[in-house]
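All remarks here apply to the structure that follows.
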Amino acid sequence: MKSLNVLKITVISLVALLVIYLLHGFFKGFFVDIHTYISNSKKIELDSVHLISKERRDYGLGTGSGSGKNVVKIFNGKKYYDLCYYEKNKADNQFLKIDNNNIPSRIFVIINSDEIKGNKGTSENPIPVFNFSVRSEEMMWDEKSYRENVRKYLTYEK
């Protein structure tokens with residue numbers, strides 16, 4: 001009888017922890033400041049870009065906010081950057097079709113000023129980029145997708 005009570009308490013505790021974990025991202029999403037992050041960002045030109053790697057990473061398990069993000073790591077002379085795109089659905093993988101043959105050596109990226117500070121820019125801690133362009137005036141993603149990329153980053157990774 002006593003072991004049955006311990007089992008019930010254990011199961012209830014595990015379920016409670018799972019619910020808290022799943023709801024954490026949902027509630028945190030209400031408090032992230034997308035506007036400040038974006039307004040503190042600037043467009044800079046990278047003129048010696050080399051593709052390092054590309055991959056799909058999981059994030060936000062069970063949050064209903066997407067199942068992963070596509071990341072293309074590039075190097076530009078002294079710093080590493082992660083071009084990130086958070087999936088809206090699992091079929092959204094066009095971004096990973098970038099390869100050595102079609103990545104331009106010169107691109108424009110939008111970077112938050114705070115992300116440039118500190119130890120960012122190393123291979124292990126690249127600077128995150130949530131929108132970029134081959135031509136200065138034409139960004140890869142529209143404003144809505146860019147804002148959604150920033151929201152998911154601030155909610156699930158920051």
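Reckoned from all heavy atoms, side chains included, excluding hydrogens, waters and symmetry mates. Values in this document were obtained by computation on a predicted structure and should not be read as measured data.
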Do the two ring centres, one from [X] and one from [Y], sit under 6.0 Å apart?
| X | Y | value |
| --- | --- | --- |
| Phe130 | Tyr153 | yes |
| Phe75 | Tyr80 | yes |
| Trp141 | Phe132 | yes |

Margin query: Could you check whether Glu148 pairs with Lys144 (Lys NZ or Arg NE/NH1/NH2 to Asp/Glu carboxylate O, under 4.0 Å)?
Written below: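 No, this pair does not count.
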Within a strict 4.5 Å, meaning less than it, do heavy atoms of the [X] and [Y] side chains meet?
| X | Y | value |
| --- | --- | --- |
| Lys152 | Lys69 | no |
| Ile44 | Ile111 | yes |
| Ile127 | Val109 | no |
| Lys79 | Lys120 | no |
| Ile110 | Val129 | no |
| Ile38 | Val150 | yes |

Legend entry - Same apolar cluster: Tyr146 and Tyr86, side chain cutoff 4.5 Å: yes
Hydrophobic clusters here meaning ILVMFWY residues chained together by side-chain heavy-atom distances under 4.5 Å, can you tell me if Ile107 and Val72 are in one?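 Yes, it is one cluster - the side chains of Ile107 and Val72 are joined through contacts under 4.5 Å.
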Problem set entry | Lys43, NZ: over 12 other non-hydrogen atoms inside 6.0 angstrom | yes
The reported gap from CD1 in Ile116 to OH in Tyr81 (rounded to nearest 0.5 angstrom) is 7.0 Å
Worksheet item: Roughly how far, to the nearest 0.5 Å, is the CZ atom of Arg106 from the CG atom of Asp47?
Response: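 Between atom CG of Asp47 and atom CZ of Arg106 there are 8.0 Å.
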Which atom pair, heavy atoms only, marks the closest approach of [X] to [Y]?
| X | Y | result |
| --- | --- | --- |
| Asn112 | Ser41 | CA-OG, 3.3 Å |
| Leu46 | Ile74 | CD1-CD1, 4.0 Å |
| Ser48 | Asn76 | N-OD1, 2.7 Å |
| Ser39 | Thr36 | OG-O, 3.1 Å |

Would you say the side-chain atoms of Lys73 pair up with the backbone N or O of Ser123, donor to acceptor, closer than 3.5 Å?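 Yes; at least one donor-acceptor contact below 3.5 Å.
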Chi angles and distances behind the side chain to side chain contact (heavy atoms under 4.5 Å, CB included) call for Asp33, Leu154: CA-CA 8 Å; Asp33 192 355; Leu154 294 175; 5.8 Å; no
_Residue pair Asn131, Asn149: steps toward the side-chain hydrogen bond (donor to acceptor under 3.5 Å, both in side chains) verdict_ = CA-CA 8 Å; Asn131 211 349; Asn149 278 345; over 6 Å; no
Practice task
State whether a side-chain donor-acceptor pair under 3.5 Å links Thr122 with Asn125.
Solution key: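 Checked: Thr122/Asn125 side chains show no N/O donor-acceptor pair below 3.5 Å.
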Is there a donor in the side chain of Glu115 and an acceptor in the side chain of Tyr37, or the other way round, less than 3.5 Å apart?
yes
Residues that Glu143 engages under salt bridge (charged side-chain N to carboxylate O under 4.0 Å, His left out), provided they are two or more places apart: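 For Glu143, no residue satisfies salt bridge (charged side-chain N to carboxylate O under 4.0 Å, His left out) once neighbours in sequence are set aside.
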